[in-house]
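Structure, as structure tokens:
For clarity, every value in this text was computed on a predicted model and none was experimentally measured. Just so we're on the same page: letters track the sequence lines, and every chain starts at 1.
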There are 4 protein chains.
Amino acid sequence: MAENKHENILRAAQKLFAERGYDGTTVPMIAEEAKVGAGTIYRYFENKQKLVNELFRGSVAQFAATLQAGFPEQKDFREKFRHVFYQLIRYSREQPEAFRFINATVNAYFLDEQSKSDFEGFMDFIERHLDEGKEAGLLRDLPSQAFIAIVYGTIFHLSRTFEDGILEPDDELLAGIEKSCWDAISAG
Amino acid sequence: MAENKHENILRAAQKLFAERGYDGTTVPMIAEEAKVGAGTIYRYFENKQKLVNELFRGSVAQFAATLQAGFPEQKDFREKFRHVFYQLIRYSREQPEAFRFINATVNAYFLDEQSKSDFEGFMDFIERHLDEGKEAGLLRDLPSQAFIAIVYGTIFHLSRTFEDGILEPDDELLAGIEKSCWDAISAG
Amino acid sequence: MAENKHENILRAAQKLFAERGYDGTTVPMIAEEAKVGAGTIYRYFENKQKLVNELFRGSVAQFAATLQAGFPEQKDFREKFRHVFYQLIRYSREQPEAFRFINATVNAYFLDEQSKSDFEGFMDFIERHLDEGKEAGLLRDLPSQAFIAIVYGTIFHLSRTFEDGILEPDDELLAGIEKSCWDAISAG
Amino acid sequence: MAENKHENILRAAQKLFAERGYDGTTVPMIAEEAKVGAGTIYRYFENKQKLVNELFRGSVAQFAATLQAGFPEQKDFREKFRHVFYQLIRYSREQPEAFRFINATVNAYFLDEQSKSDFEGFMDFIERHLDEGKEAGLLRDLPSQAFIAIVYGTIFHLSRTFEDGILEPDDELLAGIEKSCWDAISAG
DNA sequence: CATGAATGAGCTTTCATTCAT
DNA sequence: TATGAATGAAAGCTCATTCAT
């Protein structure tokens, strides 16, 4: 019964923010879901906005960690791309609420500077990775941000499709889409 | 001075919904942005939910009209794909708020049946178009929804990138990305 | 088509006030019922409160006139009582909305001094009539106001019973109740 | 200092509803009268309509209890009638606001089924009591509802007269009116 | 004169936040 | 430390009243 109220509150908030959005979620709802009193939330978070920002940064950090876990530093670029692609997919499927929450919250009016800059730092990781491939002449002559749009944009839309049950995420389909994305960004 | 309040209210709402979401936008905010009294909004819309639905359907209709405008019915599939891609880009750039609003609002809990079915009709247009390419053997062996994720997902993410000023949408860049998307979905 | 808007507005207001009460009736409702524009009402009445007061006074005057119509000045007191009783009944049945409106509005917080004093004047008529009987030794040794409570209270409650369809107001029943009321107030 | 807010709110509402009616009383008015915040009312009552219904049922229950308290089951009908008459008077004088509120609220559009049926149950008590007298041949050949109109109508009007200070309710006066009412309904 | 579109004060209700316990 | 009752500011919405036409 190692109660970690701070953690429970964040988990409850993430679930509800993902389902109903920030403004559609009330503090009492979070309290109920976290099984604490409403006042308790204010012992751990200054206010609702601080809570959502802390949650966002935590989610982004976890997301970044997932991406970097087992990164094949010694393998070739093709292999590194495959790793990032599959880790993005994996995160979106294993933490669908976090993934949805992050994507819905990027650019939200209630994010503070710290949160925005944390997310940029995360995106930089992907960008740096792609830059490496560009320098090696493996990628097309397009800005890295274009590659991000293609790869991240695809995976983001895909995760919705999986969540809505429109597509079933089996290995063959994922392999096909990974190949598509690679073909979209790789040179000649 | 022929004020069209109905139109002004919709425009104001679209801007605010795009920036802050439905629940984060208050009726007084819309009234102020539209330069009308708060009560006036209720002469034109039964309630906030009817307003957002009417706005959504209008935006989708405009979006669909843009896609179909000048559709090269007599040209080959490659040309048709290019047309759809560029029209999607065009709409996302000419009506960035509408584009963002539509994408943020699809699946929202406050959409009524009419709105959902209108949007499905729009998506069907894109899916049918892709099916045609599949039947002609021009596309990879992937579900149409995967193509949509790649193309629509890319454009959606790209429009954010343009809006945030991260990339400048010049002709060469767009041509490059269009080529990337085509390569991502086309067979052999 | 001798349009008398002033009259139409009062009639419409009376109907609605009787049905829904003063606060439950909106000015646009009255306008629609009277088949005039909402603004027109303000050409004839300074505001809603002035309207309800004017209506009240008019209704009381009409009520008083009904009571006095055909008053058998030359007949004996028993006959005069019978006349008043039946005229009260008649008014409550022929103008049920007016009767209900008057009774619901007496003592209302929105009545002005003029209206209150007009109603008192009306009650004085009944009281004077009863005083006459008292002086003649025909009535019990009770204050006139007690007689009013008995007779007016009975008729008021009875009219509800008729309106709700609980009792059917046939001649025999009315004659019985008139006799009861007389027995209640008459001496020996 | 054991504040009972639930009770305070009901008391405040009863006072204001009696004075101004349901639609003429605002929730902030009730809050101020009860010396609580406006939001607090919604911790105790789902909404204004639920509040008025709970108040109505409570008042009717209290009214019914008053009527039945000390009912002389073993005495003759004349004595039972006297008991009911005096208890009606007592309630109207001890709880004038409740009495006025009940009478103004019977038949109101905002009463729910439960409330209506509770009131009917109360009226049935009076009717059954009168029926008993009719069966014993003690009362005139009139419907029970006519007796109710006479007795209840009289008392209702009388209570207004007392409240307005027009009559002073001393024992002699009440005895006189009780006798009048009995004479009005009793046979022979 | 008559209208009804427009308004904003004020309604009912919700909810982020506080604080006595 | 933890609670949830209490609050009041502010939400969505209504409506008495005004005024340009």
Side-chain angles (χ1 to χ4, degrees), chain A residues 3 5-6 9 22-32 34-52, chain B residues 1 3 5-6 8-9 22-32 34-52, chain C residues 3 5-6 9 22-32 34-52, chain D residues 1 3 5-6 8-9 22-32 34-52:
Chain A
E3 287 279 9
K5 291 188 199 283
H6 186 266
I9 292 165
Y22 174 72
D23 288 297
T25 301
T26 70
V27 171
M29 277 178 199
I30 299 171
E32 193 188 8
K35 297 194 174 80
V36 299
T40 303
I41 288 177
Y42 288 84
R43 297 211 147 270
Y44 293 94
F45 304 93
E46 208 176 315
N47 55 41
K48 194 186 174 189
Q49 187 164 322
K50 287 277 169 57
L51 162 54
V52 77
Chain B
M1 205 65 78
E3 289 273 12
K5 291 189 200 289
H6 186 266
N8 291 351
I9 292 165
Y22 176 72
D23 287 305
T25 301
T26 71
V27 172
M29 278 178 199
I30 299 171
E32 193 186 7
K35 297 197 177 76
V36 299
T40 303
I41 289 178
Y42 291 86
R43 289 198 67 73
Y44 292 93
F45 304 94
E46 211 176 313
N47 53 43
K48 194 186 172 190
Q49 188 165 322
K50 287 276 169 61
L51 163 53
V52 77
Chain C
E3 286 280 10
K5 290 188 201 281
H6 187 266
I9 291 164
Y22 174 71
D23 288 297
T25 301
T26 71
V27 172
M29 276 178 199
I30 299 170
E32 193 187 7
K35 297 196 175 79
V36 300
T40 304
I41 288 177
Y42 289 84
R43 297 210 147 272
Y44 293 93
F45 304 93
E46 208 176 314
N47 54 42
K48 193 185 174 189
Q49 187 162 317
K50 288 276 169 58
L51 162 55
V52 77
Chain D
M1 203 65 78
E3 290 273 13
K5 290 189 200 289
H6 186 266
N8 292 350
I9 292 165
Y22 176 73
D23 287 306
T25 301
T26 71
V27 172
M29 279 177 195
I30 299 171
E32 193 186 6
K35 298 198 177 77
V36 298
T40 302
I41 289 177
Y42 290 86
R43 289 198 66 75
Y44 292 94
F45 305 94
E46 209 176 312
N47 53 43
K48 195 185 172 190
Q49 187 164 321
K50 288 275 170 59
L51 162 54
V52 78

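- The rotation axes computed at either terminus of the helix from E/dA2-F/dT21 to E/dT21-F/dA2 lie 10° apart, taking five pairs at each end and rounding to 10 degrees.
- For A/F45 against A/I9, the heavy-atom pair with the smallest separation is CE1-CG2, 3.5 Å.
- Across the protein-nucleic acid pair, C/E32 atom CD and F/dT14 atom C1' stand 16 Å apart, rounded to whole Å.
- A donor-acceptor pair is defined here as one N or O able to donate and one able to accept, closer than 3.5 Å; no such pair exists between the side chain of D/K35 and the backbone of D/N8.
- Contact annotation: the side chain of C/L51 never approaches that of C/V27 to less than 4.5 Å [non-hydrogen atoms, C-beta and beyond].
- Counting to the nearest Å, the C1' atom of F/dA6 and the CZ atom of D/F45 are 15 Å from each other.
- The phosphate of F/dT1 has neither OP1 nor OP2 within less than 4.0 Å of any side-chain N or O from A/Y44.
- Here the NZ-CG distance, from A/K48 to A/D23, works out to 5.5 Å after rounding to the nearest 0.5 Å.
- Between the CZ atom of D/R43 and the OG1 atom of D/T40 there is a distance of 8.0 Å, given to the nearest 0.5 Å.
- Using modelled atom types, one side-chain atom of B/Y22 and one backbone atom of B/Q49 make a donor-acceptor pair closer than 3.5 Å.
- Spacing between atom CD1 of C/I9 and atom C1' of E/dT3 amounts to 12 Å, rounded to whole angstrom units.
- If you measure from atom NZ of D/K35 to atom P of F/dA6, you get 16 Å, rounded to the nearest angstrom.
- In this structure, CZ of A/R43 is placed 13 Å from P of E/dA20, rounded to the nearest angstrom.
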So if I define the base as every atom that isn't primed, P, OP1 or OP2, how would nucleotides 12-18 of chain E read as a B/S/- string at a heavy-atom cutoff under 4.0 Å? BBBSSBB

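- Rounded to whole Å, the distance from CD1 on B/I41 to P on E/dA6 is 12 Å.
- Remark: C/I41 CD1 to C/Y44 OH distance equals 11.0 Å, nearest 0.5 Å.
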